[in-house]
Structure formats: structure tokens, C-alpha cells
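I have placed the structure first, in the form of C-alpha cells, so that the comments after it can refer back to it.
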2 protein chains.
Amino acid sequence: MRASVPITVDGLKSACSQCNLVELCLPFGMSDRELSRLDELVGARRKVKRQHNLYRAGDSFEAIYAIRAGSFKTDVLLEDGREQVTGFQMTGEILGLDGISTEAHSCNAVALEDSEVCVIAYDKLEQMSHEIEGLQLQFHKVMSREIVRDHGVMMLLGSMRAEERLAAFLLNMSQRFTARGFSPSEFNLRMTREEIGSYLGLKLETVSRAFSRFQEDGLIAVQQKHVHLLDLAGLKRLIQHQHGAR
Amino acid sequence: MRASVPITVDGLKSACSQCNLVELCLPFGMSDRELSRLDELVGARRKVKRQHNLYRAGDSFEAIYAIRAGSFKTDVLLEDGREQVTGFQMTGEILGLDGISTEAHSCNAVALEDSEVCVIAYDKLEQMSHEIEGLQLQFHKVMSREIVRDHGVMMLLGSMRAEERLAAFLLNMSQRFTARGFSPSEFNLRMTREEIGSYLGLKLETVSRAFSRFQEDGLIAVQQKHVHLLDLAGLKRLIQHQHGAR
DNA sequence: CGTATCCTTGATAAGATTCAAAGTGGGTGG
DNA sequence: CCACCCACTTTGAATCTTATCAAGGATACG
């Protein structure tokens, strides 16, 4: 019974089989039997306060993390201080995959609000992938999805102009909120204009101006972090039909 | 004995254990015993002529490919015809990882010159990963490396200016040629200015001007596709110390 | 309720694109 | 074998987009 699951705190055991994020998360598509075995895999939960790091670039890689509650950004820093936000992550999404390659994390993961993650020890995941049929495939799909997502961001950064980028960003957020059972057209952004700008390869002023422009054009209503998408079709049109782009 | 390996043609069996790319490719770090088992995995080779597709966006996903000879680009196309090159791949590198997530490829892979790939059936890879200790880890590392690489490209596209991007691109090429036993400072590019531009989020004219500028400044000598890096340190400085960047 | 952070807007400047034209080189077919 | 052709590259000038600098305004939080 869902109600009987105790409220977990740091260090307490989680249970994928009891988690309502199962549809979005690593266990997606696995059988009930496989799912119950998966509960062994998720060692503990960990809370991360707003603005605090889940991990930093250079940290040795031990585990990947499934977001149970809250949201994060990942970024990389250049020596001269420039920041590039490489992604925003929401509940059910997986963090830390970058660390596998060199056994050290290559980016920073920062909570955008008070959040909680499920800790998945990587060596256990490796081992259990040998045993559970569906887990290996599912994990590969998660990694592959990350690669595809990154290609989408490259498209955005490499060949769209400012307003197209913001439209694509808003539509992507909308779609992800929808998948989580929230409104497709109304939500609160957890990140600042500067973070959006970094992600989109724009300065914060440019982001702000694009928001204002969309509002003037009746595409959205925006007040600070609260966004209401009034014309989804119009935003989509913007991405596909804008000319003169690079 | 290396000399006894027959010259392979389409459909003929390959052998990782006999391949001189083993250091760069999927089998990296695997034991001799594991390596010999891997030979079962690589089903056949396939030749791809210059300008021809290895696969296209939408093709159903069956296999990943290790580049045995030649080089490729991957790109995604927007409905309005805009192209974004998402990567250039050289010998030993793996193509097709984007397909796992949806069981269909999400980008196009095009040979930049007459090339040859080893075909690795994905279902076999899955199966064999269960059996061979090192294979699963190595495959995960390959995927993770791709994610890290993509983050680097995002950094480049999102927070560097034109000349920094080209410098980063040239240094990356140099490093990859070096890893393959070629000169770090002198090589032939296989792609056009337009393809470089698409990859770097720039127009071909901008790429050309940046090449000319580097030449004026004595950083490189360039003639068409032939590039000679004269001042590697200078190129590196350009990336890290340039100010006023976004 | 004050204060720091974040956001908006305006004016100006810098950087990249666009349009145009000429130059280069490689490959092919006569 | 050579000449022609086509694709690619270079360069210039004008334009456009976005960044930069600056100032004022809103909001959230302690």
C-alpha cells in the first residue's frame, strides 16, 4: 500500500517498485519481477539544498542519481570563468552519466531548488545489469537519450537565432511538465534568466527581451519565473519557419 | 600473424583481435581472452563511398558501427532545410549510439571519404555484454565519452566566439590525429568550410575569415584543406584568454 | 521592511551574416 | 594530356543580430 511507505530521509532505503516516477525513470518498461529486484540497487536517498552541489567536476565517480524530487542544472566551467549550462534536469531524469567515461565527473550538478535524489551505485548497476534482462537495455536507452538530447541542443545553439532558441526551450519545458502530469501551458521556471541564457548561448538581457517580445506578440504571458504559454502552435511555427537564420 | 589476415571485403568477417585500432576502439582495455571472444561480435565490414550515407535519420536501429578506415560526419536536419553537423568521426570511433534510445536513428551519418566500418549487431552486443566482463563497462565508457564530448561542443557553441571555436576545433583535430599516430601539427581536413561552419555554428565565410586571420597572425599555415599548425600554444591561449566573449 | 538578487529596458558597439564577385584547384571527358 | 567545368574558397561591403554598458524597477527572502 502506497500509504504505508515510510517517509524516507538520508540514508534510508528507497523502493523503485513503490515510486510513482517509475514511468519516467530508469526502471521504465521493466517487469514487476525485475522491478522488485531493482529495489536492491537503489541504495539510499540524498537531499540536496537549493544552490548546493550534488557533485562537482573532478569528483570521483561512484554513482548515478535519479531525481526523486526537485530539479537541477548541470554546467561546465572554462578556466576564464565562463559557464556553460549543459542541461536542466527534472524528476525521474538521471544525473551523472558523464562520469562513467573517466571515472570522474566532468561537470557540476547544482540543485535549482531543495531536491532529493536516489543514489544508484555504479558498480552495483554494472553487476545487476548482467543479471536483470531489462535493466541493461533500459540503461543504454537512458544514455542514448542523453546523446540525442545533446544533439538537439547543438541544433539549437548552432543553427537557431535567439527567439527560436527560447521558443524551443519553452516548448521543451512544456513537454516535460506535461509528461509529469502538469499543465502543458502554465508552469514556474526554476532557473534564472542568466541560467537560461547560458544554456541557450545568449546573454540574460537577450533572453529577457525575447520573453518581452513573445509577450507583445501574444504568444505567452510571463511574469518573472511564471510562464503561461498562450499559443503553442505559434511558438512551434517560430522554430520552423523563421528565415534568415544562420 | 598480422600478414596472414586476408584482405576483407563486404560481408567478410573481421577480427578485433587482429585490428590495429584496438587501442582506440570499443575493445580498449579488454584482455586477450575477452578480445578473442569479441571477434564473434563483429559480424561484417561494410564499405561506404564518399558522400554516401551509412544510415539516415529514421532508419531502424540494428547495429552500431566502428570506423575501420576513413571518416564520417553526423548531422541532423530541420524541416526548413537547416543542417547541423553534430560531429566528425575518425577511425576507431563508434557511430550509431543515438539509435538505441528509440530504436531508430536520429541523425544521418555520411562518409567524408571512401570509408569502411565494422558492423556490430546491437542485439549481439547486448547479449555478449552479459557474458564478457569488460565489454559492458567499455561500452558504457564509449557512450559516456560521447556525452562528455557533446558537452564540450555545447560549451563551444554556447560560450565561445568564432575564432575561439575554430581554434578549439583545430586543436581537437590535432589531438585526435596524434592519437592515431599522425602529426599533431600537420593534417588534411576531410570536410568543407561549410561543414566546419555548421559544426561550429558559423557561416562558411566566417570560418574562412578565421582561417585567414590565424594565418596572418602566424598561428597556422593553411592551403585549402591542408592545415599546418605553427603555434599550438598560441591557439590554446586564444581559447582561454579571449575576453568579451558571451 | 530593508536589502540583495533578479529582471527589464534603452542606447550604443561589436561581431557575424548576407550578398556579391572573383579566385583556386581537382577531376573528367574530349 | 590538356582544357574546361564545377565545387569549394577567399575577400569585400553593407546589414543585421546580439552583446555590452547603464540605469531603473520588481520581487523574494531573511
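Residue numbers start from 1 in every chain, and the chains themselves are labelled A, B, ... in the order their sequence lines are given, proteins ahead of strands.
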Note the angle between the end axes of the helix from C:dC1-D:dG30 to C:dG30-D:dC1, five pairs defining each, rounded to 10 degrees.
-> 50°
Rounding to an integer number of Å, can you tell me how far [X] [atom1] sits from [N] [atom2]?
| X | N | atom1 | atom2 | result |
| --- | --- | --- | --- | --- |
| B:R190 | D:dA7 | CZ | P | 21 Å |
| B:L189 | C:dG25 | CG | P | 16 Å |
| A:E194 | D:dT20 | CD | P | 12 Å |
| A:Q51 | D:dG30 | CD | P | 12 Å |
| B:L202 | D:dT9 | CG | P | 15 Å |
| B:E163 | C:dA16 | CD | P | 7 Å |
| A:L200 | D:dT18 | CG | P | 12 Å |
| B:K203 | D:dT17 | NZ | C1' | 14 Å |

Could you tell me whether a side-chain N or O of B:S144 sits under 3.5 Å from a main-chain N or O of A:S101, the two making a donor and an acceptor?
-> yes
For [X], all residues meeting side-chain hydrogen bond (donor to acceptor under 3.5 Å, both in side chains), sequence neighbours excluded:
| X | result |
| --- | --- |
| B:T91 | B:R180 |
| B:N108 | B:D75 |
| A:D114 | none |
| A:E79 | B:Q240 |

Where along residues 204-217 of chain B does a heavy atom fall under 4.0 Å from DNA chain D?
-> B:L204, B:E205, B:S208, B:R209, B:S212
List the atom pairs, with distances to 0.1 Å, where a side-chain N or O of residues 56-67 of chain A and a protein N or O form a donor-acceptor pair under 3.5 Å, not counting sequence neighbours.
unit_1 : atom_1 : unit_2 : atom_2 : d
A:D59  : OD2    : A:R56  : N      : 2.8
A:S60  : OG     : A:E62  : OE2    : 2.7

A:A167 meets the side chain to side chain contact (heavy atoms under 4.5 Å, CB included) criterion, sequence neighbours left out, with A:F214, A:L235, A:L238, A:I239
Which residues share a side chain to side chain contact (heavy atoms under 4.5 Å, CB included) with B:L112, sequence neighbours left out = B:S71, B:K73, B:F88, B:R190, B:M191, B:E195
Distance-only check: which donor-acceptor pairs under 3.5 Å involve side-chain atoms of residues 181-189 of chain B, not counting sequence neighbours?
unit_1 : atom_1 : unit_2 : atom_2 : d
B:S183 : OG     : B:S185 : N      : 3.0
B:S183 : OG     : B:S185 : OG     : 3.3
B:S183 : OG     : B:E186 : N      : 3.1
B:E186 : OE2    : B:H226 : NE2    : 3.1
B:N188 : OD1    : B:H226 : ND1    : 3.3

Are any of A:R161's side-chain N or O atoms less than 4.0 Å away from OP1 or OP2 of D:dT17?
-> yes
Ignoring the backbone of B:R193, work out which of D:dA19, D:dT9, C:dT18 is nearest its side chain.
-> D:dT9
Please report the C-alpha distance between B:E83 and B:V85 in whole Å, then the side-chain angles of each, then the deciding distance to 0.1 Å, and finally whether the side chain to side chain contact (heavy atoms under 4.5 Å, CB included) criterion is met.
-> CA-CA 6 Å; B:E83 177 197 31; B:V85 172; 3.9 Å; yes
Scan residues 220-227 of chain A against DNA chain C and write down, sorted by residue number, each residue with any heavy atom closer than 4.0 Å; if none is found, say none.
-> A:Q224, A:K225
Side chain to side chain donor-acceptor pair (under 3.5 Å): which pairs involve residues 212-221 of chain B, sequence neighbours left out?
-> B:E163-B:R213, B:R213-B:D217
